[in-house]
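The chains referred to below are lettered A, B, ... by the order of the sequence lines, with proteins before strands, and numbering in each begins at 1.
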Amino acid sequence: MSFVSIRDLRVAFDGVQVLHGIDLDIGKGETVGLVGESGCGKSVTWLAALGLLPGKAQISGSVTIEGQELIGARPAEVEAVRGARIAMIFQDPSSSLNPVHRVGRQIGESLRLHRGLRGAAARNEAVRLLDMVGIPSAATRIDLYPHEFSGGQCQRIMIAMALAGQPDLLIADEPTTALDATIQAQILDLLSSIRRETGMAMVLISHDLGAVSAVCDRAAVMYAGRIVEANDIARLFTGPKHPYTRGLFDAIPEMDAGRARLRPIEGTVPDPKHLPPGCAFAPRCPRASGFCQSHLPELKPQVRGGFVACFHPEATRAAARERQAAVA
Amino acid sequence: MSVLVEARGLVQQYTTGKPLFGQASTVRAVNGIDLAVQEGEILGIVGESGSGKSTLGRMLLGLETPFAGKVLYHGQPMPAPRTEHWRRLRAQMQLIFQDPLAALDRRMTIARQIAEPLEIHDRAKGPELAERVAGLMARVGLRRDQADRYPHELSGGQRQRVVIARALATNPRFLVCDEPVSALDVSIQAQVVNLLRDLQEQDGLTMVFISHDLKVVRNICDRVAVMYLGRVVEEAPSDRNFADPRHPYTQALVSSIPQAGQGLEGRIILHGEPPNPAARPSGCAFHPRCRLADAACAATVPELETHGGRLAACLKLPAAARQAA
Ligand SMILES: Nc1ncnc2c1ncn2[C@@H]1O[C@H](COP(=O)(O)OP(=O)(O)OP(=O)(O)O)[C@@H](O)[C@H]1O
Ligand SMILES: Nc1ncnc2c1ncn2[C@@H]1O[C@H](COP(=O)(O)OP(=O)(O)OP(=O)(O)O)[C@@H](O)[C@H]1O
Ligand code: SF4
Ligand SMILES: [Mg+2]
Ligand SMILES: [Mg+2]
């Protein structure tokens, strides 16, 4: 049975629907990537699941954690889950580290709230956590303020804070986007080793497909508020079936392709206020037919595994062969 | 090919007040750079955050006066900022940076914004002006019907096109692009990268391209200079730099590029504190994080020297080359 189960999750702001029914399961100990263009609803999915959206957001559908329903649950119930069972590292670091409090105190607060630790026990645990995420001389730096750490270190402190409640699931929303390539590598390395050691499940939200492929078991690709493809990492990368997924892969410059011209996806994402009537990707899609303009493809399980929402998916074998030929 | 822009012994330092202690400290953002940008080439600048890339870019455009050293444009010294001579040169040199919204005026249609530099420099009027604007919009792939839109009505990639069209209005010869695609999604990023490439190939524009995204740099740049704490540590043709990096920092940087389907194996993970120009390590600035460093590295500042078809500044180059092999 899956640990967290999202069913038909929908979110609207001021009458404009931005999530159109998300279905997603996260198993115990699993790492799942969530990718897609800016504004497609990656963050909103998890903010809605954890009761973190502003009051004006209209939310429907179901999010259960081991059978316990979170949507419509009392705030106290959701709060008990948040931090202790599911923790989130937010996309915007300034929103989660308080600049006027020492980092030790902020981690201590989490430890008190979720694990009832106080005093010396909390302090020792905070040092251990900072140590684990690779903050040098943690014992002496625990009383510094966030601005006294570098950007990469602040990101690590946020990870330490998220880990303080020993969550079963960590949602990491773009944990490396603002960081240097070498620091990104450190953080991804850190997240994978923590996962190996603790058996924690993880959702990695990122528009960096390389990062997702490096650490995830499975990934879901979102477009305009819907999941359009989901599969295990190897299959997704060797044979993307949705034309959007294919387009995303093709748009990334390849390290060994020299100065070959890049292949962008033409056009832009649709405005959530004026979504095309059929498949939301149709206006940009090289495979679209007249049918796609007026009918909405559903996310359907595929014979060879995975899910795709497309009337004319890529032929996997041919696509794989073509990609191999391009590499050779 | 001839040299269009040249930096000689460039140094920039900033004085920052420390309010708490009432004490000023100086930060060397750029610490001795020699570079030459050939006419018609795209030179990439990469390196850790805070290594001085943007500062270097601003000095190359004459937007900032260097603390020491000089910038030559067509072999002539860069005139002092905001003089008449500088203004005339400025039309030939443009800066494109990360955030297109900040570069554009929210209350002006995009056609007006593209027309503005043409009017300021008195390049066109009336129907000719409208024609030039339409031509520039077509050049960067904007549709005619978008002329009367406002910046917030466009996507990030389209906004960046407006910024580029505006920069192109005065027929520049030299562009400094500072993280021009970092804020854009991959699919849109590719559109803008291709556009910049066209400008180089079709119009012979010369560019300095500053970016964190090594895959994009690999794709668009002819040559790449790698910076660390205000100095160039390696400079090579793009292919060579990425296929066979020799400086230990470049090696770590290149290995850290996440590749689809490759997992985390083979990455060189750097430890220790990221570089801080306010507390520059002695000797080679990279030595506290370098896996090849020894006592000599802490004592001697390595100079850029020719090594295996590139320039690199490292005391352990033969050892680094063996590690690469
Ligand atoms: N508080 C809010 N009020 C109104 N609209 C919102 C709010 N938060 C998000 N949205 C809208 O919901 C949609 C989905 O946003 P979301 O933040 O989930 O995108 P994302 O996929 O995380 O993008 P990014 O990669 O840029 O982080 C967007 O159209 C966004 O403008
Ligand atoms: N106007 C300024 N006053 C004081 N310090 C400055 C100023 N501009 C830059 N610096 C400092 O100089 C150093 C180099 O900054 P610069 O912006 O050139 O780095 P960068 O390589 O472009 O970094 P990034 O990749 O983060 O954009 C940094 O330590 C920065 O804090
Ligand atoms: S359903 Fe049609 S328009 Fe949508 S992605 Fe598939 S082929 Fe393209
Ligand atoms: Mg987001
Ligand atoms: Mg910069």
Side-chain angles (χ1 to χ4, degrees), chain A residues 35-40 134 136 150-153 176-186 188-193 206-215 233-234 236-238 244 247-269 271 284, chain B residues 42 46-51 141 153-158 182-194 197-198 212-222 238-239 242-243 249 252-265 267-276 289:
Chain A
V35 301
E37 237 146 310
S38 181
C40 68
S150 72
Q153 286 173 336
T176 61
T177 308
L179 303 173
D180 284 322
T182 57
I183 314 278
Q184 272 182 29
Q186 285 177 9
L188 290 180
D189 208 53
L190 170 69
L191 287 172
S192 335
S193 67
S206 177
H207 56 243
D208 186 340
L209 294 161
V212 165
S213 82
V215 296
I233 282 292
L236 197 65
F237 276 74
T238 51
Y244 175 63
L248 277 184
F249 288 141
D250 286 350
I252 309 174
E254 280 175 49
M255 278 318 277
D256 43 15
R259 298 195 69 201
R261 237 184 130 69
L262 297 181
R263 285 170 294 177
I265 303 177
E266 297 302 339
T268 56
V269 281
D271 177 352
R284 303 173 76 186
Chain B
I42 303 184
V46 300
E48 213 92 350
S49 178
S51 59
E153 297 172 318
L154 299 176
S155 73
Q158 289 168 339
S182 307
L184 307 177
D185 280 307
V186 268
S187 65
I188 307 292
Q189 191 177 308
Q191 298 173 0
V192 176
V193 168
N194 282 348
R197 170 79 70 74
D198 290 344
H212 272 115
D213 189 329
L214 298 167
K215 288 183 185 160
V216 170
V217 168
R218 168 79 182 83
N219 182 270
I220 196 175
C221 298
D222 301 293
S238 196
D239 297 329
F242 286 102
Y249 172 67
L253 193 64
V254 170
S255 84
S256 70
I257 304 169
Q259 304 257 45
Q262 273 191 9
L264 292 169
E265 277 84 59
R267 299 174 134 201
I268 303 167
I269 301 293
L270 287 181
H271 299 282
E273 306 279 307
N276 173 5
R289 305 168 81 195

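- A side-chain donor from one of A/Glu37 and B/Ser187 sits under 3.5 Å from a side-chain acceptor of the other.
- Note that the CZ atom of A/Arg261 and the CG atom of B/Asp198 stand 4.5 Å from one another [nearest 0.5 Å].
- In terms of non-hydrogen atom pairs under 4.5 Å with chain A, the most contact-rich of B/Asp222, B/Leu214, B/Leu154, B/Val192 is B/Asp222.
- At a 4.5 Å heavy-atom cutoff, the contact between A/Gln153 and chain B is made by side-chain atoms alone.
- When each of B/Val46, B/Val193, B/Ile220 is checked for heavy-atom pairs under 4.5 Å with chain A, B/Ile220 comes out on top.
- A salt bridge does not link B/Asp239 with A/Arg259: none of the charged nitrogens is closer than 4.0 Å to a carboxylate oxygen.
- With sequence neighbours excluded, no residue forms a salt bridge (Lys or Arg N to Asp or Glu O under 4.0 Å) with A/Asp271.
- Chosen from A/Leu236, A/Val212, A/Asp189, A/Val269, the residue pairing most often with chain B at heavy-atom distances under 4.5 Å is A/Asp189.
- Using a 4.5 Å cut-off between heavy atoms, B/Ile188 contacts chain A through its side chain alone, with no backbone atom that close.
- If you tally non-hydrogen atom pairs under 4.5 Å between each of A/Gly36, A/Ala260, A/Ala234 and chain B, the highest count goes to A/Ala260.
- Looking at every heavy atom in both residues, A/Thr182 comes nearest to B/Ser256 through N-OG, 3.8 Å.
- Using a 4.5 Å cut-off between heavy atoms, B/Ile269 contacts chain A through its side chain alone, with no backbone atom that close.
- No side-chain heavy atom of A/His207 sits under 4.5 Å from any side-chain heavy atom of B/Val186.
- The two residues A/Gly267 and B/Gln191 make their nearest non-hydrogen contact at O-NE2, 3.3 Å.
- Summarising the geometry of B/Asp185 relative to A/Ser38, their closest heavy-atom pair is OD2-N, 2.9 Å, with the distance given to 0.1 Å.
- For chain A, the nearby part of B/Arg267 is the side chain; its heavy atoms alone come within less than 4.5 Å.
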